[in-house]
Chemist: 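To start, I am sharing the structure in question, which I have written as structure tokens.
All figures in this text were calculated on a predicted structure; none of them were measured in a lab.
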Amino acid sequence: LFPAAFSDVCVGSAPALTREHCRAALRNWAKLDLRPHEFAAAAQIVREHIETDAVLNCARFSDQASLINASLWRACLGEQAPPLVFLDLEDVAGELLCRELERPGSLFWHILCRPETRRAVYRALCGIPGCWNPEAARLAEDSEVKGGGTAFFWHIDAKGRRHALLPKDSTLHSLHGGNREFPMESAALLEGLRNGSLRPGLFCSYLVLLAHGLAFQGGIYMVDYLPAMLGRLHDCFGTEHGNGTKRGGMDSGMAEAPAKPLSANTPFVNMPSATPLPGSRLKNPPPQDLPPLDVPPANIPPLSAGRVELGSVFMPFCQYIDDEPHPAGLLELLPHAANLPHLMKRFAALRVKDATPASLAAWYTECVPPEERPQNWPDGVRHLRLGSAALPLDETGA
């Protein structure tokens, strides 16, 4: 919906969509090779869920996205579905960090504003995915190659573009990036967070949520980088692991030690640094009286563009047209959502253990380079449907 000029603007800093953005997008989509029902469905989504007074009156795109997602949720699942509230992660984390920085002696005040602790945490987390890699970040700032993360915060310039921040020297008295310098002092950090020139990085965002007792789910990489973050923090603070082993801490492996160690009651201290992660268990098991997932529900009438059912590993929803399966996304589902409550109920009730094997094929294509994949590997998994117990093993057991 946004024009190309906004391609390098951060989502959290993007201005609000306007009516002209919506109209221009529709004009551009009309030039694409879309089937008539696809263009009609896209236009319906824009008209009923985006180009509304409530959405267009918002001051920021993040606020608009919250309303748009809630509207689409209700349209797909019905008014009886639990409400969906979309919040910008960096907005929430930024507010929590401000509260921490206003309380000298709090956990993040120690990490960000106490020089000895800040240097120790910075060194311990260098190279951890989701944190910072100074050399890669310096290269990324001067090239089209993205990567390297940022030290604690991102700098957002006047045009909404994101810049990595790195310490100028080993003292870590300030962070530099995007022609700006930010002293690592509570007043300067509070000012940057409140005026939008600073946004929390992934480390600060996730860890401040955990510090306040908030649980969250993440993607396949989280089971690697989040325990690594927590483990390194255990190293810094010299705390015990969940298995009772003692780690070294700053006083045994680093030059500086905080004059006053963090309290043993801080959330990081007592949090295990290995999976299962907080929030990783379903509190309410799905109902057991659902039909098998590979059998189309009998109460779904044929759709104008074909019937829709839960599909295979490469098509979570598939649409059958002349008995041939085609991927079915939001454009296909939304116009017929009222006829699909049983399908949506079954989809929402999928157990993680049932959905994960099917999702592995998609992750495989992202994680494994094409030249390293066996020839014709997709043929061995196309038959899998959501809810299948496992993917087939090859002759090596992989």
Side-chain angles (χ1 to χ4, degrees), residues 1-2 10-17 21-22 25 41-96 199-200 202 205-206 208-210 212-220 222 277-287 290 293 297 300 308 310-311 316-317 327-352 354-356 358-359 362 386:
L1 291 172
F2 280 109
C10 295
V11 172
S13 304
L17 283 167
H21 288 150
C22 297
Q44 177 185 346
I45 291 173
V46 172
R47 183 175 62 254
E48 297 181 1
H49 303 281
I50 300 175
E51 196 178 350
T52 67
D53 290 340
V55 170
L56 297 180
N57 286 336
C58 292
R60 303 186 312 155
F61 175 69
S62 287
D63 298 330
Q64 292 179 318
S66 181
L67 296 180
I68 294 168
N69 281 324
S71 179
L72 291 170
W73 174 269
R74 290 192 301 270
C76 284
L77 299 182
E79 295 293 337
Q80 75 282 356
L84 172 72
V85 179
F86 172 90
L87 298 176
D88 186 286
L89 169 64
E90 294 173 350
D91 283 349
V92 176
E95 177 60 34
L96 293 176
R199 301 279 281 178
L202 191 61
S205 294
Y206 280 175
V208 78
L209 292 184
L210 291 175
H212 284 77
L214 298 173
F216 50 86
Q217 296 280 4
I220 192 171
M222 181 181 283
L277 301 176
S280 62
R281 296 183 179 180
L282 294 176
K283 294 182 179 179
N284 299 314
L290 300 179
L293 290 174
I300 296 182
V308 177
L310 283 177
F317 284 107
L330 184 64
L331 295 183
E332 288 77 22
L333 292 172
L334 192 58
H336 309 286
N339 297 325
L340 303 175
H342 199 82
L343 181 67
M344 301 306 288
K345 177 183 177 183
R346 292 195 300 150
F347 186 71
L350 277 174
R351 292 178 179 271
V352 172
D354 292 328
T356 297
S359 71
L386 290 173

Chemist: Drop me the distance from M222's CE to L202's CG, to the nearest 0.5 angstrom.
Modeler: 7.5 Å
Chemist: So how far is it from R60 CZ to S66 OG, rounded to the nearest 0.5 Å?
Modeler: 10.0 Å
Chemist: Who passes ring pair (Phe, Tyr, Trp, His ring centres under 6.0 Å) against F2, sequence neighbours left out?
Modeler: F6, H21, F61
Chemist: Is D91 close to E95 at the side-chain level, that is, under 4.5 Å between some pair of heavy atoms?
Modeler: no
Chemist: S205 and E90: which non-hydrogen atoms are nearest, and at how many Å?
Modeler: OG-CG, 4.3 Å
Chemist: Side chains of R199 and D88: does their closest heavy-atom pair fall under 4.5 Å?
Modeler: yes
Chemist: CD1/I50 to CG/L72 distance, rounded to the nearest 0.5 angstrom?
Modeler: 7.0 Å
Chemist: Going from CD on Q64 to CG on N57, what distance comes out if it is rounded to the nearest 0.5 angstrom?
Modeler: 9.5 Å
Chemist: Suppose we screen for side chain to side chain contact (heavy atoms under 4.5 Å, CB included). Which residues come up paired with A43, at least two apart in sequence or across chains?
Modeler: L26, R47
Chemist: With sequence neighbours excluded, tell me which residues meet side chain to side chain contact (heavy atoms under 4.5 Å, CB included) with A54.
Modeler: T52, L67
Chemist: Please find the pair of heavy atoms, one from G12 and one from S62, that lie closest to each other, and give the distance.
Modeler: CA-OG, 3.6 Å
Chemist: Is any side-chain heavy atom of L17 closer than 4.5 Å to a side-chain heavy atom of V55?
Modeler: no
Chemist: Are any non-hydrogen side-chain atoms of L89 and L209 less than 4.5 angstrom apart?
Modeler: yes
